[in-house]
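Structure first, commentary second.
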Protein chains: 2
Amino acid sequence: MEPPKRSRTATRARLLAGALEVFAERGFAGASVEDICDQAGFTRGAFYSNFGSKDELVLALFQATTDRLLEQIEALLPDLATQPGTLLDAVLGLLDEAIGDQRQWHLISTEFTLHALRNPEAARALNEQRAMFRASLTRLVEEISAASDVTFSVPPELFVRLIIALHEGARSQSLLEPTKVPAGSLEHAFLPIVLDAVSQPSH
Amino acid sequence: MEPPKRSRTATRARLLAGALEVFAERGFAGASVEDICDQAGFTRGAFYSNFGSKDELVLALFQATTDRLLEQIEALLPDLATQPGTLLDAVLGLLDEAIGDQRQWHLISTEFTLHALRNPEAARALNEQRAMFRASLTRLVEEISAASDVTFSVPPELFVRLIIALHEGARSQSLLEPTKVPAGSLEHAFLPIVLDAVSQPSH
DNA sequence: TGTATTGGATACACAAACGTATTGAACTGC
DNA sequence: GCAGTTCAATACGTTTGTGTATCCAATACA
């Protein structure tokens with residue numbers, strides 16, 4: 001029953017986990033292959049046996065984290081859609097709960113975004129992932145608003161873009177000044193206002 | 001009257017300009033000292049004659065761009081505060097006009113932010129700069145709202161934080177998907193709503 | 001149990017980047 | 001014009017990182 005001590009998938013996983021850690025600390029460009037191997041407890045031999053290059057690892061890491069995130073979201077959606085509470089709580093809850101370590105996630109995802117802004121190939125992949133992410137959020141918004149008999153004066157898709165923009169901008173401020181801007185404070189201060197302004201009871 | 005072909009300040013300036021370019025393209029960590037020198041038309045000799053290390057250059061570049069930005073803002077403020085137009089136009093105008101190349105600025109400033117999130121020293125410098133930036137914006141908001149006899153139900157400082165968060169998040173989306181999210185579209189879609197909701201005529 | 005295969009460690013060759021020491025040319029003031 | 005000085009170029013040694021080739025241990029299988 002014990003999984004073999006040396007399985008390809010296990011070392012790949014440990015290398016990916018190590019890369020996540022190291023990339024968050026030093027960035028994609030700042031991290032050497034050796035750094036990643038150290039973190040994962042391997043030597044470069046293991047690395048090159050599993051990946052062709054650092055770029056290939058970055059791509060694999062992106063896919064892995066992306067898949068995991070979308071999975072987690074799909075798992076959380078049904079609960080949030082049906083459970084009591086405001087639309088806002090549901091949406092913000094999803095954004096937070098689907099992510100483990102906010103700081104690490106922000107660092108990595110910003111790193112990915114920068115990479116994408118410089119690399120059309122990566123931009124396509126990232127935009128695809130973000131589109132799916134927005135689709136999930138949009139679905140959540142639509143379900144909840146339907147259940148509570150409200151309609152929006154703006155397309156939900158656009159509203160979701162707003163939430164994401166605000167959330168990302170706010171997270172950046174929170175991480176830079178944790179004491180002055182507690183996590184979530186900006187969202188909680190303004191999203192209710194927006195929500196109130198764009199929603200109307202349907203009868 | 002001709003400035004000497006070889007002045008310390010001139011080569012420093014060219015190196016800083018080159019660094020801006022190269023850092024935007026490859027990031028701080030991804031750019032080598034030689035890359036920067038190539039871009040500026042020098043060899044590494046010139047570099048090490050002017051800077052102690054790449055880190056020192058990054059710091060100098062941060063100071064230079066910061067100073068220039070705050071200068072530009074101070075120059076624009078009086079006009080915007082007095083000229084006709086909505087508060088929103090003034091604020092968004094300031095954010096856009098003070099910045100030359102949106103894409104380059106976003107890349108560099110994101111790069112700085114990431115650097116700050118990993119480096120307490122840099123975080124202090126960045127937060128200081130951002131505080132001054134917010135102070136300018138806050139002043140603009142207060143002046144215009146006073147001139148048009150409106151008061152806010154939220155502190156202007158907080159409102160400014162919202163604008164910045166939204167603006168940065170939105171810019172990220174615009175740069176990733178220029179066709180689907182034209183520059184400024186998110187801000188123009190939602191800021192009027194927020195502004196309307198939090199402001200009330202003072203009599 | 002013995003043999004084959006798989007997967008990671010070790011060793012090596014090479015390239016890229018750094019930082020310094022030295023050189024030479026262009027300005028400075030005399 | 002002529003020293004003295006300044007500043008960037010060149011040349012050099014060192015470090016750091018990459019990728020490959022080989023070796024060795026652990027697993028799979030007969």
Side-chain angles (χ1 to χ4, degrees), chain A residues 1-62 64 111 114-115 118-119 121-122, chain B residues 1-62 64 111 114-115 118-119 121-122:
Chain A
M1 269 296 91
E2 281 287 311
K5 276 352 178 185
R6 275 196 346 179
S7 82
R8 208 146 192 83
T9 59
T11 52
R12 267 184 75 98
R14 275 173 58 195
L15 283 170
L16 285 171
L20 192 67
E21 210 74 36
V22 173
F23 283 155
E25 296 291 321
R26 318 201 175 183
F28 291 168
S32 74
V33 171
E34 184 123 32
D35 289 336
I36 296 166
C37 294
D38 285 355
Q39 176 73 29
F42 289 107
T43 63
R44 293 210 320 289
F47 180 90
Y48 285 106
S49 165
N50 283 279
F51 301 95
S53 65
K54 197 168 74 175
D55 277 4
E56 197 178 305
L57 172 76
V58 168
L59 199 71
L61 183 62
F62 174 74
E111 204 72 44
L114 274 179
H115 184 60
R118 293 166 177 143
N119 183 322
E121 185 70 22
Chain B
M1 273 295 87
E2 282 287 312
K5 278 346 180 190
R6 273 196 345 176
S7 84
R8 208 149 191 81
T9 59
T11 53
R12 267 185 74 98
R14 275 172 59 195
L15 282 170
L16 285 171
L20 191 69
E21 211 73 36
V22 173
F23 283 155
E25 294 293 320
R26 317 201 176 183
F28 291 168
S32 73
V33 171
E34 185 124 31
D35 288 336
I36 296 166
C37 294
D38 286 354
Q39 177 73 29
F42 290 107
T43 63
R44 293 211 319 288
F47 180 90
Y48 285 106
S49 164
N50 283 278
F51 301 95
S53 65
K54 198 168 74 175
D55 278 4
E56 198 177 302
L57 172 76
V58 167
L59 199 71
L61 183 62
F62 175 73
E111 204 71 45
L114 273 179
H115 183 60
R118 294 170 177 141
N119 182 322
E121 184 70 21

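The sequence lines fix the lettering, A, B, ..., with proteins before strands; numbering per chain opens at 1.
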Closest to side chain of B/A46, choosing from D/dC7, D/dA9, D/dT18: D/dA9
Beyond-backbone contact of B/R12 with B/F51, side-chain heavy atoms, under 4.5 angstrom: yes
base_contact_polar (D/dG17 base, A/R44 side chain, donor-acceptor, <3.5 Å): no
For atom CZ of A/F47 and atom P of C/dA9, their distance in whole Å: 13 Å
Whole-Å gap separating C1' (D/dT18) and CG (A/D55): 13 Å
Any B/T11 side-chain nitrogen or oxygen under 4.0 Å from OP1 or OP2 of D/dA8: yes
Test item: side-chain donor near acceptor, B/R26 and B/S32, under 3.5 Å: no
Separation of atom NZ in B/K54 from atom P in D/dT16, rounded to whole Å: 15 Å
Listed nucleotide nearest any side-chain atom of A/F42, set C/dG8, C/dT10, D/dA11: C/dG8
Side-chain heavy-atom pair B/Y48, B/V33 within 4.5 angstrom cut-off: yes
Value in whole Å for how far the C1' atom of C/dG8 lies from CZ of A/F51: 14 Å
Rounded interatomic separation in angstrom, taking CD from A/E34 and P from C/dA11: 13 Å
Rounded distance in Å - CZ (A/R8) to C1' (D/dA26): 14 Å
Distance below 4.0 Å between B/S49 side-chain N/O and D/dC7 OP1 or OP2: no
Side chain proximity check, B/E111 to B/F23, heavy atoms < 4.5 angstrom: no
Atom-pair distance (CD on A/E56; C1' on D/dT18), nearest Å: 15 Å
D/dA8 OP1/OP2 closer than 4.0 Å to side-chain N/O of B/N50: yes
A/E56 atom CD: more than 12 heavy-atom contacts under 6.0 Å: yes
Length of the line joining B/D38:CG and D/dA9:P, which is rounded to integer Å: 11 Å
Nucleotide nearest A/T43 when distance is taken to its side chain, options C/dT10, D/dG17, C/dG19: C/dT10
